[in-house]
Undergrad: 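Please read through the structure below; I'll follow up with questions.
Just so it is clear, the structure is predicted and the values come from calculations on it, not from any experiment. All residue numbers in this chain count up from 1 along the given sequence. Counting convention: from 1, in listed order, for ligands and their atoms alike.
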Amino acid sequence: MKNRLQLVLILAILSFAVSREASAQPDGFNYDESKVPQYRLPDPLKGVKTSADWKKRRQEILSLFQQQMFGMAPEFDASKLRVSASAAEHLVLDGKAKMTQPVLHLPGADVQLLVFVPAKSKGPVPTFLGCNFGGNHTVLADSRIVLPEGWVRGGKDNRSDDSQRGKSSSRWAVEKIIDRGYGLITVYYGHIDPDFDDGFRNGVYSHFGQPKPNEWGSIAAWAWGLSRVLDYLEATPTTGIDPKRVAVMGHSRLGKTSLWAGASDERFAMVISNDSGCGGAALSRRAFGETVKRINTSFPHWFCGNFKRYNGKESELPFDQHMLISLMAPRPVYVASAEGDRWADPHGEFLSAKGADPVYRLLGTEGLPAKTMPAVNEPVQGQIGYHMRSGKHDVTDFDWGQYLNFADRHLRKK
Ligand code: GCU
């Protein structure tokens with residue numbers, strides 16, 4: 001009897017797990033490799049023979065992405081950035097890290113940073129920078145981290161509270177990062193623009209107003225916010241962080257954001273996309289899992305108005321996402337997928353990284369040293385890095401382990 005009960009319980013847990021996994025893979029979309037439409041990718045190196053040619057071509061590609069997908073962001077005069085210094089500096093992780101929380105006063109949005117720097121570091125450190133989904137207080141369970149005001153994802157009545165402290169800590173390997181000698185800065189993306197379709201009235205839009213069809217959607221707004229963090233680091237020599245060695249990192253919609261931040265702001269020294277999928281690293285033309293039409297329908301505020309022209313018409317896009325990756329060249333870029341994350345099309349993410357390889361090679365780097373998709377949990381790291389981890393849509397210690405190795409390779413002073 002006891003055994004039967006145990007079996008029933010195990011089956012119930014398993015079916016719950018499977019249905020959760022399935023809910024991340026909505027029905028009615030293609031998950032069959034043999035049904036991927038025939039497609040031809042535009043050539044990032046069209047008309048390019050030399051690195052000087054690439055400079056021009058890069059500008060052309062960047063402007064296509066600005067006009068047709070992410071939207072143009074407003075210019076910002078960094079000398080006008082207003083900052084409130086952190087009220088306090090705390091020691092965390094048994095004294096291994098210093099934690100501060102300065103606030104950037106951006107037009108229409110006060111953005112609180114959560115900054116960790118190794119306590120014992122001698123000179124300015126290389127640093128990871130990324131947005132978080134739930135508020136800075138979800139990154140580490142520490143009562144001194146300020147609760148975000150305003151709308152938060154998932155909270156009771158969309159408000160933050162103490163019960164949420166540390167709930168995303170498995171996604172932020174803070175201790176590992178510090179132990180390896182890196183800093184970490186994270187910001188709550190909802191402080192820049194709350195992530196729901198409100199007709200562009202809140203966040204930075206409350207200042208800049210309604211975007212035109214070729215002007216910034218929310219992803220470009222979040223990326224723009226990350227560039228303002230760089231402005232702050234450049235203007236503030238006392239942070240202990242080296243602004244020339246910042247790796248911008250993000251997961252899922254925030255991985256789309258880190259890619260756009262890296263493409264639109266060449267000051268980012270390294271770019272990491274974790275499970276970014278459609279509108280991020282995955283090739284749109286494959287229409288595997290999430291499609292352009294679906295993303296524009298479920299999240300009408302993420303991209304610019306013009307991007308909706310391509311709903312169901314991926315083949316008419318003047319670019320594909322391998323060209324977004326190529327905009328990072330020759331800077332190191334890492335694309336990571338998860339095997340269970342078919343909605344994000346792991347194979348399409350790999351092909352995109354691979355599609356940027358010719359640009360990296362033209363610029364004299366080794367590109368992505370893999371002919372075909374590597375086996376699960378076997379990372380490949382050149383100037384482009386790629387892995388497909390086992391498991392679901394998430395950020396794990398395995399992912400961070402690879403990003404740290406990649407950063408050791410590229411951001412350490414030789
Ligand atoms: C949805 C969306 C994806 C996105 C993901 C996330 O699944 O369809 O495009 O990447 O949310 O950000 O968690």
Undergrad: Go through the structure and list residues passing side-chain hydrogen bond (donor to acceptor under 3.5 Å, both in side chains) with Y334, not counting sequence neighbours.
TA: H387
Undergrad: With a 4.0 angstrom cut-off on heavy atoms, strictly below it, pick out the residues next to ligand 1 and order them by chain and number.
TA: F133, S252, R253, K256, E290, I295, F299, W302, W343, H393
Undergrad: How about F116 and W172: are their ring centres within less than 6.0 Å of each other?
TA: no
Undergrad: In a check of side chain to side chain donor-acceptor pair (under 3.5 Å) between H137 and each of Q164, K167, R165, which one passes?
TA: Q164
Undergrad: For Q402, what residues pass the side-chain hydrogen bond (donor to acceptor under 3.5 Å, both in side chains) criterion, not counting sequence neighbours?
TA: none
Undergrad: Looking at residues at least two apart in the chain, or sitting in another chain, which of them share a side-chain hydrogen bond (donor to acceptor under 3.5 Å, both in side chains) with Q68?
TA: R309, Y310
Undergrad: Pick out which of F65, W260, F70 makes a ring pair (Phe, Tyr, Trp, His ring centres under 6.0 Å) with F303.
TA: F70
